[in-house]
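It should be emphasised that the depicted structure is a prediction, and the values quoted were computed from it without experimental measurement.
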Amino acid sequence: LLLCTNASGSEKVPLRAVGQSPRPRCLRGVNLSQMPWSYRAGSPSGLTTPLFAEWLREFNEAMRRQGRSVLLLLSEHEAHPCLQLSNVRMVLLPPATAPAQPLERGIAADLKGHYRRRLLRWLPAERGAGQPTLLDVLHMLAQAWGDVSPELISSSFRAAGFVPEAGAGAMSLSPAHGRLGRERLERHGEPAEVVGDEGMAEGEDAAELAAVPPCPSEREVWRSLATLRRYLECQATSPDLFQAFYELEDAVHMVSAG
């Protein structure tokens with residue numbers, strides 16, 4: 001995985017996964033340019049210099065479009081190329097100073113913890129499908145990356161000796177609108193009470209009542225969510241749409257957990 005974030009945690013670049021399969025079957029038909037993650041095929045040993053150079057050029061282009069110049073901290077790795085970029089200055093940290101890499105001061109471990117929690121939550125009985133596919137895993141990783149809080153990121157940078165300037169602002173690379181946080185769900189997630197007369201309303205016969213669809217089972221709800229996710233994978237016009245879907249999925253999990 002390629003992870004990148006700023007010191008305040010206000011900007012997290014969508015993660016990039018590197019795998020061995022050049023064309024995974026589960027990614028066929030997916031509009032990869034609009035996913036909240038990216039995937040590239042690498043060598044059996046993992047990240048290669050051409051793959052990382054591609055990511056660097058894309059990141060540099062994003063900074064150029066925003067009119068920003070940034071300093072990029074990297075742990076020294078054989079795959080890291082020496083490139084001259086217009087808006088990104090790379091600083092390679094020697095292996096002996098690995099603890100100075102903020103990602104190694106808690107960020108990567110927190111991501112793994114969130115991913116493990118989501119993976120354990122994946123119950124075949126709920127999903128109606130065996131083990132998660134690579135596509136499922138990529139979505140879970142994107143959700144886990146979103147779960148890593150700005151507070152933990154900033155504290156990891158401080159622990160590594162990097163203190164963001166006070167009052168330094170930053171634009172979010174993938175703003176989430178209308179976020180359904182746990183607090184909002186807990187405040188407003190109580191089932192609404194139905195006010196009115198109980199029983200059969202005047203003029204309403206048994207046939208009309210029989211036409212009312214029953215409450216769907218959890219399995220049916222998960223199948224519906226899987227259908228919605230597949231639609232977004234094929235038709236989405238922005239990665240931001242998946243933020244709303246992830247929040248909906250989390251809300252259903254909270255309701256299911258009681």
Side-chain angles (χ1 to χ4, degrees), residues 1 3 5 9 12-17 24 26-27 29-32 34-39 106-153 172-194 213-258:
L1 286 179
L3 303 176
T5 178
K12 286 183 282 189
V13 179
L15 59 83
R16 172 158 297 179
C26 62
L27 298 187
V30 175
N31 188 0
L32 296 176
Q34 299 299 332
M35 295 300 103
W37 41 261
S38 59
Y39 173 85
I107 298 175
D110 194 56
L111 169 67
K112 292 176 182 178
H114 288 299
Y115 169 71
R116 189 177 299 111
R117 174 177 59 84
R118 290 184 175 276
L119 185 61
L120 292 175
R121 200 171 69 177
W122 182 281
L123 301 177
E126 289 180 344
R127 305 289 179 164
Q131 296 298 316
T133 66
L134 172 63
L135 182 57
D136 297 324
V137 168
L138 290 171
H139 280 298
M140 283 188 279
L141 284 169
Q143 289 173 289
W145 187 221
D147 292 337
V148 179
S149 68
E151 292 77 17
L152 183 134
I153 292 174
S172 175
L173 293 179
S174 54
H177 302 287
R179 188 170 183 83
L180 289 175
R182 180 177 296 269
E183 295 80 5
R184 282 185 59 193
L185 191 62
E186 290 176 349
R187 287 199 304 267
H188 305 295
E190 296 295 331
E193 295 184 1
V194 178
C215 182
S217 66
E218 288 189 17
R219 183 185 292 268
E220 291 172 326
V221 170
W222 289 120
R223 286 176 179 171
S224 298
L225 283 173
T227 300
L228 174 59
R229 196 190 79 177
R230 184 58 181 171
Y231 176 78
L232 293 176
E233 289 167 353
C234 299
Q235 304 293 336
T237 57
S238 169
D240 293 341
L241 292 174
F242 282 91
Q243 180 61 48
F245 174 81
Y246 293 156
E247 291 167 5
L248 173 62
E249 190 176 55
D250 284 344
V252 173
H253 265 295
M254 291 181 64
V255 172
S256 299

What's the verdict on salt bridge (Lys or Arg N to Asp or Glu O under 4.0 Å) for Glu220 and Arg223, showing C-alpha distance, side-chain angles and the deciding distance? CA-CA 5 Å; Glu220 291 172 326; Arg223 286 176 179 171; over 6 Å; no
Please lay out, stage by stage, how Val148 and Lys12 fare under the test side-chain contact (heavy atoms from CB on, under 4.5 Å). CA-CA 9 Å; Val148 179; Lys12 286 183 282 189; 4.2 Å; yes
Under the salt bridge (charged side-chain N to carboxylate O under 4.0 Å, His left out) test, which residues partner Asp110, sequence neighbours left out? none
Closest heavy-atom pair and its distance - Ala142, Pro36: CB-O, 4.2 Å
Any side-chain heavy atom of Val30 within less than 4.5 Å of one from Arg230? yes
Yes or no on side-chain contact (heavy atoms from CB on, under 4.5 Å) for Val13 and Thr5, after CA distance, side-chain angles and deciding distance? CA-CA 6 Å; Val13 179; Thr5 178; over 6 Å; no
Beyond-backbone contact of Leu27 with Met35, side-chain heavy atoms, under 4.5 angstrom: no
Taking the side chain as everything from C-beta on, heavy atoms only, tell me whether Asn31 gets closer than 4.5 Å to Glu233. no
Can you check whether Leu241 reaches Gln235 side chain to side chain, under 4.5 Å on heavy atoms? no
Rounded to the nearest 0.5 Å, what separates atom CG in Leu141 from atom CG in Leu119? 9.0 Å
What pair of heavy atoms forms the shortest contact from Gly29 to Cys234, and how long is it? O-SG, 3.5 Å
Would you say that Trp145 contacts Ile107 through its side chain, given a criterion of any heavy-atom pair below 4.5 Å between the two side chains? yes
Which heavy-atom pair separates Leu134 from Cys26 by the least distance, and what is that distance? CB-SG, 3.7 Å
Whether the side chain of Asp147 engages the backbone of His114 through a donor-acceptor N/O pair (distance < 3.5 Å, no angle test) should be reported. no
Over 60° means perpendicular and under 30° means parallel, so classify the ring planes of Phe245 and Phe242, tilted if in between. perpendicular
Qualifying residues under salt bridge (charged side-chain N to carboxylate O under 4.0 Å, His left out), relative to Arg116, sequence neighbours excluded: none
For Pro132 and Met140, which heavy atoms make the closest approach, and how far apart are they? CB-CE, 3.9 Å
Run the salt bridge (Lys or Arg N to Asp or Glu O under 4.0 Å) test on Asp136 and Arg118 for me, step by step, so that the C-alpha distance in whole Å, both residues' side-chain angles and the decisive distance to 0.1 Å come before the verdict. CA-CA 11 Å; Asp136 297 324; Arg118 290 184 175 276; over 6 Å; no
Do Leu32 and Tyr39 come within less than 4.5 Å of each other through their side chains, counting heavy atoms only? no
Drop me the distance from Ser38's OG to Leu138's CG, to the nearest 0.5 angstrom. 9.0 Å
Is there side-chain contact between Leu248 and Leu228, with at least one heavy-atom pair below 4.5 Å? yes
Does the side chain of Lys112 come within less than 4.5 Å of Leu1's, by heavy atoms? no
Would you confirm whether the ring centroid of Trp37 sits within less than 6.0 angstrom of the ring centroid of His139? yes
Out of Glu247, Glu249, Gln243, which one pairs with Gln143 under the side-chain hydrogen bond (donor to acceptor under 3.5 Å, both in side chains) rule? Glu249
Donor-acceptor pair, distance only, cut-off 3.5 Å: does the side chain of Gln34 make one with the backbone of Ser238? yes
